[in-house]
Amino acid sequence: DNSGTLAAHEIAKVLADVGRMPKSKEEQQDLKDKIDNAVGEDGEPGILDFHAFLRLMRTIVDEDEVAAHVYKSQQCQQCGFSKAEAKDLERLFSSTAPQG
C-alpha cells in the first residue's frame, strides 16, 4: 500500500509467497514472537518497517540454515560418516555442482 511498513495481512502474504506460513498454533505463536522481537520495544506491535522486516527474515533464514545443518549432521551420522568424511564429501559435491 506504499505506506513504508507491512501490516499483519501484508506480512502473511509475503510469508505465504516464500512458503513460510505457520500451520499450527505453535508456529503462529512462534511467528508472532519473532515479529515482536523484530519490531522491538520502540516499534508499533505487528507493524514492520523495512529494518524490522529484514530482522525478521534474517531470523527465519538463520533458523532454516541451522535446521539444514542439523539434518545433514544427522544423516551423516546415520550413514556412519565421521565429521571429517562428511566435510570432504560436502566439499567434493560442492566443487562438482553446476554454477549458476
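On a predicted model such as this, the values are computed, not experimentally measured, just so you know. Numbers here simply count residues along the sequence, with the first being 1.
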Before you tell me yes or no, could you show the steps for Arg20 and Asp64 under side-chain contact (heavy atoms from CB on, under 4.5 Å), namely the whole-Å CA-CA distance, both residues' side-chain angles and the distance that decides it to 0.1 Å? CA-CA 11 Å; Arg20 292 303 307 242; Asp64 286 351; 2.4 Å; yes

Could you walk me through whether Leu54 and Arg58 pass the side-chain contact (heavy atoms from CB on, under 4.5 Å) test, one step at a time? CA-CA 6 Å; Leu54 289 179; Arg58 179 79 264 159; over 6 Å; no

Just verifying a value: how many Å separate Gln74 CD and His69 NE2, rounded to the nearest 0.5 Å? 10.0 Å

Please determine whether the number of non-hydrogen atoms from other residues, nucleotides or ligands lying under 6.0 Å from atom CD of Glu90 exceeds 12. no

Of all the heavy-atom pairs spanning Ile60 and Lys34, show the shortest one and how long it is. CG1-CD, 4.4 Å

How about CD on Glu26, more than 12 heavy atoms from neighbouring residues, nucleotides or ligands closer than 6.0 Å, or not? no

Quick one: do Ile47 and Leu31 end up in the same hydrophobic cluster if we chain Ile, Leu, Val, Met, Phe, Trp and Tyr together by side-chain heavy atoms under 4.5 Å apart? no

Drop me the distance from Phe93's CZ to Asp88's CG, to the nearest 0.5 angstrom. 12.0 Å

Looking only at atom types and distance, does a side-chain atom of Glu10 sit under 3.5 Å from a main-chain N or O of Ala7, one as donor and one as acceptor? yes

Leu48 versus Ala38, closest heavy-atom pair with distance: CD2-CB, 4.3 Å

Can you confirm whether Glu85 is buried at CD, in the sense that more than 12 heavy atoms of other residues, nucleotides or ligands lie under 6.0 Å from that atom? yes

Please find the pair of heavy atoms, one from Gln28 and one from Pro22, that lie closest to each other, and give the distance. N-CB, 3.5 Å

Using 0.5 Å steps for rounding, measure from the CG atom of Leu6 to the CZ atom of Phe50. 10.0 Å

Gap between atom CG of Asn37 and atom NZ of Lys32 - 0.5 Å precision: 10.0 Å

Spatial distance of atom CE (Met21) from atom CD1 (Ile11) [nearest 0.5 Å]: 10.5 Å

Spacing of SG belonging to Cys76 relative to NZ belonging to Lys83, to within rounding of 0.5 Å: 11.0 Å

Locate the shortest heavy-atom distance separating Arg55 from Val39; write the atom from each residue and the value. NH2-O, 4.2 Å

